[in-house]
Amino acid sequence: MDLIARLRAGLPEEAILTDPDVTGSYANDMASFCEAGTPAVVVLPRTVEQVQHIMRTATELRVPVVPQGARTGLSGAANASDGCLVLSLVKMDRIIEINPVDRIAVVEPGVINAVLSRAVNEHGLYYPPDPSSWEQCSIGGNIGTASGGLCCVKYGVTAEYVLGLDVVLADGRLLSTGRRTAKGVAGYDLTRLFVGSEGSLGIVVRAVLALKPEPPGQLALAAEFPSTAAACEAVCEIMARGHAPALLELMDRTSIRAVNAMAQMGLPDSTEALLLAAFDTPEPAADLAAVGALCTAAGATEVVPAESAAESDLLLQARRLTLTALERVKSATMIDDVCVPRSRLAEMLDGTAAIAEKYGLTIGVCAHAGDGNTHPTVCFDAADPDESRRARASFDDIMALGLQLGGTITGEHGVGVLKKEWLARELGPVGLELQRGIKDVFDPLGILNPGKLF
């Protein structure tokens with residue numbers, strides 16, 4: 001019996017896609033420079049039992065399986081391989097439970113981040129992880145890549161909110177990890193192991209997520225600086241003085257000019273860096289005043305605090321438009337994701353500017369400055385082979401710079417295909433050997449998302 005016939009024995013016909021024109025549309029995520037193959041079939045299960053049937057079938061026939069969510073990823077982790085079975089979890093999109101007493105939500109992997117966030121808000125609760133693609137990205141994808149977001153500086157990343165998981169293993173067995181309780185330390189932390197594993201250890205089919213009380217509304221501040229060094233000095237002072245901003249973002253001059261060109265934001269040409277801070281504390285105006293004073297002391301040429309939520313939204317608009325503006329600079333962009341210690345942030349930005357000059361490219365940087373997570377965005381003409389080559393070379397130089405500064409090759413986007421060579425460099429031979437050993441325990445046949453991570 002062939003693969004399609006086996007799948008039909010446990011799946012409804014509408015859950016199996018075989019038309020090459022349709023299956024080809026599931027071949028890749030949003031990453032540049034990542035090869036993608038041609039899937040043999042795409043399946044869209046709606047139940048845990050259907051996922052188990054799919055994995056048993058794949059194991060029996062030794063068919064590689066590529067799990068997918070909304071495919072908003074930026075590392076090629078969801079890219080198909082030739083002849084694979086693409087397992088799309090977008091139809092498993094139920095919010096099963098929201099519990100205000102235990103402060104948890106139980107969800108399926110296809111739930112969209114923004115949908116969950118709005119649903120828990122109705123109960124006076126808050127799900128903090130907020131990737132920039134939150135209106136499109138799924139919770140399963142967020143778990144697979146250990147996503148972050150703008151509010152991570154205060155509230156942390158996805159891994160800190162995943163209490164428990166139901167996972168279908170490569171052979172179809174169902175594993176439950178973690179807990180629903182506020183505390184729990186029984187055995188090895190398998191839950192945390194699956195977060196960030198990019199579908200290489202099992203298929204997440206249900207998640208228990210921690211929630212927080214909904215905070216007050218934010219007030220924001222914008223500070224203009226004559227140099228990135230001055231802006232990064234302000235960041236260091238803000239964190240060293242014990243402030244807890246809900247958001248602390250930085251834009252370099254290239255990003256500022258791109259946004260100005262697209263949206264006429266009116267930022268002066270002399271601005272080399274723009275720092276945006278926001279507080280959701282009981283007295284945000286007082287916190288903004290204190291941070292504004294630190295910005296002025298660090299050399300800010302202008303500090304503009306908002307007095308209302310509407311003014312805050314206007315101040316933050318530039319940051320939200322950054323990627324869209326940079327995408328207008330050239331026909332293609334390659335978004336990097338390097339996290340460095342906050343104390344080395346200025347070196348990372350200045351080093352990236354030097355790399356842009358070296359290769360004759362436009363590279364704009366926006367950063368979650370509060371946690372040192374930078375997003376250098378390389379703009380290039382995909383139709384120009386030499387410019388594409390230089391773009392890829394600049395990417396590698398940026399990776400190397402991040403490691404040299406004591407950082408990591410990814411703070412929230414994951415490894416996928418794009419960075420697996422660099423993962424080996426960061427882990428070292430012993431770390432790589434142990435991680436491969438863990439992979440072998442969960443996936444001895446190597447059918448789960450092959451070619452990713454290692």
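What you are looking at is a predicted structure, and each value in this text was computed from that prediction instead of being measured.
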What residue pairs, at least two apart or across chains, pass salt bridge (Lys or Arg N to Asp or Glu O under 4.0 Å) with a residue in [range]?
| range | result |
| --- | --- |
| residues 367-380 | none |
| residues 408-423 | Asp336-Lys419, Glu421-Arg425 |
| residues 154-164 | Lys154-Asp280 |
| residues 178-203 | Glu97-Arg180 |

Residues [X], [Y]: salt bridge by 4.0 Å N-O rule:
| X | Y | result |
| --- | --- | --- |
| Glu237 | Arg241 | yes |
| Asp396 | Arg392 | yes |
| Arg344 | Glu347 | yes |

Nearest 0.5 Å, please: how far is [atom2] in [Y] from [atom1] in [X]?
| X | Y | atom1 | atom2 | result |
| --- | --- | --- | --- | --- |
| Met55 | Leu85 | CE | CG | 8.0 Å |
| Asp337 | Ile409 | CG | CD1 | 9.0 Å |
| Leu345 | Thr228 | CG | OG1 | 8.5 Å |
| Phe194 | Leu175 | CZ | CG | 5.0 Å |
| Ile112 | Gln136 | CD1 | CD | 8.0 Å |
| Ile398 | Ile355 | CD1 | CD1 | 5.0 Å |

Does the side chain of [Y] come within less than 4.5 Å of [X]'s, by heavy atoms?
| X | Y | answer |
| --- | --- | --- |
| Glu327 | Thr377 | no |
| Leu61 | Arg6 | yes |
| His53 | Leu11 | yes |
| Ser138 | Val111 | no |
| Phe279 | Leu219 | no |
| Thr352 | Asp397 | no |
| Leu275 | Glu249 | no |
| Val48 | Arg206 | yes |

Treating [X] as the side-chain partner and [Y] as the backbone partner, does any N or O pair qualify as donor plus acceptor under 3.5 Å?
| X | Y | answer |
| --- | --- | --- |
| Asn113 | Pro129 | yes |
| Ser312 | Ala220 | yes |
| Thr374 | Val338 | yes |
| Asp102 | Ile104 | no |
| Ser81 | Cys84 | no |
| Thr59 | Ala170 | yes |
| Thr322 | Ala318 | yes |
| Asn449 | Ala77 | yes |
| Gln68 | Tyr26 | yes |
| Thr191 | Gly178 | yes |

Yes or no on side-chain contact (heavy atoms from CB on, under 4.5 Å) for Leu209 and Ile139, after CA distance, side-chain angles and deciding distance? CA-CA 10 Å; Leu209 304 174; Ile139 295 297; 4.0 Å; yes
Taking all non-hydrogen atoms of both residues into account, name the closest pair between [X] and [Y] and its distance.
| X | Y | result |
| --- | --- | --- |
| Ser25 | Arg71 | O-NH1, 3.0 Å |
| Asp29 | Gly76 | OD2-N, 3.0 Å |
| Ala105 | Leu116 | CB-CD1, 4.1 Å |
| Gly451 | Val417 | O-CG2, 4.3 Å |
| Ala70 | Cys137 | CB-CA, 4.1 Å |
| Leu174 | Val205 | CD1-CG2, 4.1 Å |

Please confirm whether Arg320 makes a cation-pi placement over Trp134, using NZ or CZ under 6.0 Å from the six-membered ring centre and within 45° of the ring normal. no
Give a yes-or-no answer on whether the side chains of Ser255 and Asp252 include a donor-acceptor pair shorter than 3.5 Å.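 Side chains of Ser255 and Asp252: pair found under 3.5 Å.
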Between Asn142 and Thr158, do the side chains contain a donor N or O and an acceptor N or O under 3.5 Å apart? no
Of all residues at least two apart in sequence or in a different chain, which pass the salt bridge (charged side-chain N to carboxylate O under 4.0 Å, His left out) check with Arg94? Glu108
Would Asp171 and Phe442 satisfy side-chain contact (heavy atoms from CB on, under 4.5 Å), going step by step from the backbone distance to the final call? CA-CA 9 Å; Asp171 59 8; Phe442 285 89; over 6 Å; no
Would you say the rings of Tyr126 and Tyr155 are close, in the sense that their centroids are separated by under 6.0 Å?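 Tyr155 vs Tyr126: aromatic centres under 6.0 Å.
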Would Val259 and Met251 satisfy side-chain contact (heavy atoms from CB on, under 4.5 Å), going step by step from the backbone distance to the final call? CA-CA 10 Å; Val259 170; Met251 296 168 57; 3.9 Å; yes
For His375 and His413, take the angle between the two ring planes, folded into 0 to 90°, and tell me which bin it lands in: parallel under 30, tilted 30 to 60, perpendicular over 60.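 Rings of His375 and His413: parallel, under 30°.
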Could you walk me through whether Val115 and Asp93 pass side-chain contact (heavy atoms from CB on, under 4.5 Å), step by step? CA-CA 10 Å; Val115 172; Asp93 60 356; over 6 Å; no
Sequence neighbours excluded and cut-off under 3.5 Å, please list the side-chain donor-acceptor pairs for residues 30-47, or say none.
| from | atom 1 | to | atom 2 | distance (Å) |
| --- | --- | --- | --- | --- |
| Ser32 | OG | Thr333 | O | 2.9 |
| Thr47 | OG1 | Gln50 | N | 3.0 |

Heavy atoms of other groups near Lys91 NZ, more than 12 under 6.0 Å: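 Open: at most 12 neighbouring heavy atoms sit under 6.0 Å from NZ of Lys91.
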